[in-house]
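Taking it in order: structure first as structure tokens, then the write-up.
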Amino acid sequence: METSSAHEVTKGVQPRVGWIGLGSMGQAMALNLQKHMSKTGAPNIRYYNRTVSRGIPLQEIGGVGDAALEDTVDAIILSGDTTSDLRGKIIVDASTVHPASSTRAASRLAGAGVEFVAAPVSGASPVAAQGRLLWIAAGSADAVRVIKPFVVGVMGRDLIYLGKEVYLSSLMKAASNFLTAGMMELIAEAHVFAEKTGLGSMALEGLLQQEYGDQAHAMSRRLTTGVYMPALGERPWSDVSLAVKDVRIGVECAVKAGSRLEIGQLALSHLEEAKRYSDAVGRPLDSSSLYGALRQLAGLSFETDRVKARDGGAQEP
């Protein structure tokens, strides 16, 4: 996301916002942002995506496609040249990257007179569609102050500010990904235990809801309703390939710091197994698909009976 400079906003100039990337998360976020811009009378956002068709829903509510954004980012990141019309602008990275990558990006953009805010988000695509993502931001306080009105109550439920060092937000997101993967690992293992012992998943899900709260229950539902293995032609809430990358970042950061994420390493191994299965059957899987890998380790099929019934039969590689 690219916004006008802090100076322009302070003077009351209508903000100009650009958006790059319209995947499952990005499209939902951009739609919420465009609705906000229309409601407040601000200029329509200008967006770019490699797959042009992903921009159609955004275009229908006023968004304007702009291939020049790709050239803009290339000019800043790839060449590092100073461009007068970029000086003083703010670029926000809402993706999950390695802390070192955030630091390098901030340094290179600073050379072009651009302020960089690292702001990875926490939450899957349904949460993004609801505008309820948690934003984890680091960068200059002034830049974060400028972007906050476009985030809280628009694309996110709240924003955690960690200070000016941009790598801190990436570390926080790594910790968040570790916790999420660890919780999913635990809940998936418990479900496999329930199935193998005859206790049953529905009984376990009732316990998770009553004893461990909404988050645990929501994770359980991703398994029991088949979200972990989306129906043919459907996109996952959070792709397993990205989950592998994200959890690996946390494991690598821990090792570099002289620590270990033992549960994170275990979850990573099961995510990698789920990714291999995804590649073998030729269909995208959700980050919760480590459940399928755990099922196979226990002698069960990757697909639950509910998934098999939904898809009309098993799809073992």
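Computation of the quantities below employed the complete heavy-atom set of this structure, encompassing side-chain atoms and omitting hydrogens, waters and symmetry-equivalent molecules. Remember, it's a predicted structure, so these values are computed and weren't measured experimentally.
Met184 has its side chain out of reach of Asp286: every pair of non-hydrogen atoms, C-beta onward, lies at least 4.5 Å apart. Using a 4.5 Å cut-off on side-chain heavy atoms (C-beta onward), Tyr47 and Leu33 make no contact. Taking 4.5 Å as the limit, some side-chain heavy atom of Tyr277 sits within range of a side-chain heavy atom of Gln296. Counting only heavy atoms from C-beta outward, the side chains of Leu242 and Ser287 never approach each other to under 4.5 Å. Arg222 places none of its side-chain heavy atoms less than 4.5 Å from the side chain of Tyr291. When side chains are defined from C-beta on, Trp135 does not count as touching Val152, because their heavy atoms never get closer than 4.5 Å. Side-chain contact between Leu297 and Val192 is absent, with no heavy-atom pair separated by less than 4.5 Å. For the pair Pro99 and Cys253, the minimum side-chain heavy-atom distance is below 4.5 Å.
Judged by distance alone, the side chain of Thr180 and the main-chain N or O of Ser176 form a donor-acceptor pair under 3.5 Å. Looking only at distances, no side-chain donor or acceptor of Arg46 sits under 3.5 Å from a matching main-chain atom of Gly18. Between the side chain of Lys173 and the main chain of Ser122, no donor-acceptor pair closer than 3.5 Å is present. Judged by distance alone, with hydrogens and angles left aside, the side-chain atoms of Asp246 form no donor-acceptor pair with the main-chain N or O of Asn177 at under 3.5 Å. Side-chain atoms of Ser125 come within 3.5 Å of backbone N or O of Trp237 as a donor-acceptor pair. A donor-acceptor contact shorter than 3.5 Å is absent between the side chain of Arg221 and the backbone of Glu205.
The two residues Pro236 and Ser24 come nearest to each other via the heavy atoms O-OG, 4.2 Å. Residues Glu303 and Lys308 share a closest heavy-atom pair of O-CE, 3.5 Å. Across all their heavy atoms, Leu261 and Val251 have their closest contact at CD1-N, 4.1 Å. Taking each heavy atom of Val166 and Ala106 in turn, the nearest pair found is CG2-CB, 3.8 Å. Across every non-hydrogen atom of Ala181 and Val247, the tightest pair is CB-CG2, 3.7 Å. What you find for Ala293 and His270 is that their closest heavy atoms are CB-O, 3.6 Å.
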Please report the C-alpha distance between His36 and Val17 in whole Å, then the side-chain angles of each, then the deciding distance to 0.1 Å, and finally whether the side chain to side chain contact (heavy atoms under 4.5 Å, CB included) criterion is met.
CA-CA 12 Å; His36 171 74; Val17 178; over 6 Å; no
Is there a side chain to side chain contact (heavy atoms under 4.5 Å, CB included) between Gln265 and Leu268 once you walk through the steps?
CA-CA 5 Å; Gln265 184 66 63; Leu268 177 60; 3.9 Å; yes
Could you walk me through whether Glu185 and Leu271 pass side chain to side chain contact (heavy atoms under 4.5 Å, CB included), step by step?
CA-CA 9 Å; Glu185 170 77 23; Leu271 285 167; over 6 Å; no
Pair Lys164, Ser140 - check side chain to side chain contact (heavy atoms under 4.5 Å, CB included), show working.
CA-CA 5 Å; Lys164 68 178 182 178; Ser140 81; 5.6 Å; no
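Under a hydrophobic clustering in which Ile, Leu, Val, Met, Phe, Trp and Tyr are joined whenever their side-chain heavy atoms come within less than 4.5 Å, directly or via other members, Leu208 and Leu186 fall into different clusters. Side-chain heavy atoms closer than 4.5 Å link hydrophobic residues (I, L, V, M, F, W, Y) into clusters, and following such links, even through other members, never connects Val144 to Ile136. Under the 4.5 Å side-chain contact rule for hydrophobic residues, Ile90 and Leu159 share a cluster. Each of Leu168 and Val97 belongs to its own hydrophobic cluster when Ile, Leu, Val, Met, Phe, Trp and Tyr are linked at side-chain heavy-atom distances under 4.5 angstrom. Taken together through direct or relayed side-chain contacts under 4.5 Å among Ile, Leu, Val, Met, Phe, Trp and Tyr, Val121 and Val127 form part of one hydrophobic cluster.
Distance check: Arg16 CZ to Met37 CE gives 10.5 Å after rounding to the nearest 0.5 Å. A distance of 6.5 Å separates CG of Asp158 from CG of Leu134, quoted to the nearest 0.5 Å. For the atom pair Gln130 CD and Leu133 CG, the distance stands at 9.0 Å (nearest 0.5 Å). In this structure, Ile249 CD1 and Ser101 OG are separated by 7.5 Å, a value rounded to the nearest 0.5 Å. For the atom pair Ser238 OG and Leu285 CG, the distance stands at 12.0 Å (nearest 0.5 Å). The line from CZ of Phe116 to OG1 of Thr103 is 9.0 Å long, rounded to the nearest 0.5 Å.
Remark: Arg157 engages no residue in a side-chain hydrogen bond (donor to acceptor under 3.5 Å, both in side chains) (not counting sequence neighbours). Evaluation of the side-chain hydrogen bond (donor to acceptor under 3.5 Å, both in side chains) rule for Ser201 yields His191 as partners, not counting sequence neighbours.
Heavy-atom contacts from other residues, nucleotides or ligands closer than 6.0 Å to CG of Leu207 number more than 12. For Arg276, the CZ atom sits in a packed shell: over 12 heavy atoms of surrounding residues, nucleotides or ligands are nearer than 6.0 Å.
Between the side chains of Ser38 and Gln34, a donor-acceptor pair is found at a separation under 3.5 Å.
Taking the six-membered ring where tryptophan is involved, the planes of Phe302 and Tyr228 are tilted, since the angle between them lies from 30° to 60°.
A side-chain contact (heavy atoms from CB on, under 4.5 Å) with Asp239 is found for one member of Ser289, Ser278, Pro284 and no other, namely Pro284.
A salt bridge does not link Glu272 to Lys275: none of the charged side-chain nitrogens sits closer than 4.0 Å to a carboxylate oxygen.
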